[in-house]
Visitor: 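Before I ask anything, here is the structure I am working with.
Read the numbers this way: they start at 1 and go in the same order the structure lists the ligands and their atoms. This structure is a prediction, so every number in the text was calculated from the model and none was measured.
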Amino acid sequence: MYESIQKQDPVLFQAMIKEAKRQSEGVELIPSENYVSQAVLEANGSILTNKYSEGYPGKRYYGGQENIDAIENLAIERAKELFGAEHVNVQPYSGSPANTAIYFALLNFGDTVMGLRLDHGGHITHGLPIAFSGKAYHFVQYGVNPETGRLDMEEIRKLAQEHKPKMIVAGYTAYPRDIEWKKFKEIADEVGAISMADISHTAGLIAGKALESPVPYFDVVMTTTHKTMRGPRGAIIMCKEKHAKAIDKAVFPGLQGGPHENAIAAKAVAFGEALKPEFREYAAQVRKNANHLAEELKKRGFKLVSDGTDTHLILVDLTNKNVPGKDAQVALDEVGITLNKNTVPNDPRSPFDPSGIRLGTPAVTTRGMKENEMGKIADWIDRTVKAIGNADELKKIKEEVRKVCVTFPVPGIKI
Ligand code: DSN
């Protein structure tokens, strides 16, 4: 791998090879991560990075666009087919710029918007007070029900009727349950709000027909293209035709300059892969694995927020184990299991040292792991959490993890 880098830049090469080893010898459970195919890697690292192409296909500000237009149109057409979208903009650099572009297109600064609190599973771009979204717009934040850990649609309806938002954002980074898209749309319609869905976490499951889609109902739907979509780092915005002009103008020239056509080509590759029947099997298996892992963790006394999962994602509250999320993350890192510490709803601890951990199955499923491996992973997690401070036991678990992982090759890694 990386022969030219090895020759030209041995220091960087060493770090990259170590990372490749880490990715292939460990269990990747961060729910927003995945392993892309060799074809996605090739498109992303291709000569398309050389080209500037401000504007949109057929209307650019620089010459030499005949191939770039064809590539961007391919990504657009495949995304439309995959999600049944009326209009797609494939240029956003990533999720946060995409969300910012949507607000910039459809809101005025200071407008009232509703979004889920970050510490209940939302995102910084859904109105965190110290973020741009929270400063530029008047976000009214909704939360999950403290008893059930689930969204309470009646509470959301009440808040919407009280605050009359111009937009309602339905989208999540640490919420394990399926979303009632139709109900959200009904509430938005009742108060005359624009409906916006951020499906960054579940887009691959929606594309793979393993979860219901908001695209037929919602005014605007955005997603990152990595995570369950298994494409390059980036994002797309889908919308009804009536919002198309505003969205396109907000992305360029409103917020961005030249689109990254190498990433757009890689998005086209990923959408092509997701249109194949195998991707439906993948999406279904991601859910099966998450569900199995959740049940295996519960059997070992782990408390899950909302008591389970409908998606790829599991949120564990470690309070009953007397282990802070940060300590669990560090110990699991030591054995080669990667996940992230996470707040749980109404967490008494701080976001830097919260009560929970967040995990998910998109990456392990890409490697071909199934229910049998989910049982092993639950066991390793349980033993690791119990063995914090016991170097010998952690070393033993690390070797068990490595032995299993090397039998499941990672796409794009040959070492
Ligand atoms: N950082 C992403 C995640 O991990 O969910 C959200 O932007």
Visitor: For atom 3 (C) of ligand 1, grab the closest protein heavy atom and report residue, atom and distance to one decimal in Å.
Guide: Ser32 OG, 3.3 Å
Visitor: Check this for me, if you would: do Glu295 and Lys298 make a salt bridge, where the nitrogen-to-carboxylate-oxygen distance has to be below 4.0 angstrom?
Guide: yes
Visitor: Below 4.0 angstrom, counting only protein heavy atoms, does anything approach atom 1 (N) of ligand 1?
Guide: no
Visitor: Check whether the ring centres of His260 and Tyr93 lie less than 6.0 Å apart, and answer yes or no.
Guide: yes
Visitor: For residues 159-168, which side-chain N or O atoms pair as donor and acceptor with protein atoms under 3.5 Å away, sequence neighbours left out?
Guide:
residue, atom, partner, partner atom, Å
Gln161, NE2, Glu190, OE1, 3.4
Lys164, NZ, Gln161, O, 2.7
Lys166, NZ, Asp111, OD2, 3.2

Visitor: Should Arg358 be counted as touching ligand 1, given the test is an N or O pair under 3.5 Å?
Guide: yes
Visitor: Cut-off 3.5 Å, side chains only: do His312 and Thr228 have a donor facing an acceptor?
Guide: no
Visitor: Can you tell which of His226, Glu33, His123, Lys227 gets a heavy atom nearest to atom 7 (O) of ligand 1?
Guide: His123
Visitor: Just need the protein heavy atom nearest to atom 5 (O) of ligand 1, so name the residue and atom and give the distance.
Guide: His201 NE2, 2.7 Å
Visitor: Quick test of your reading: applying salt bridge (Lys or Arg N to Asp or Glu O under 4.0 Å), list the pairs with at least one residue in residues 117-141, sequence neighbours left out, ordered by first then second residue.
Guide: Arg117-Asp119
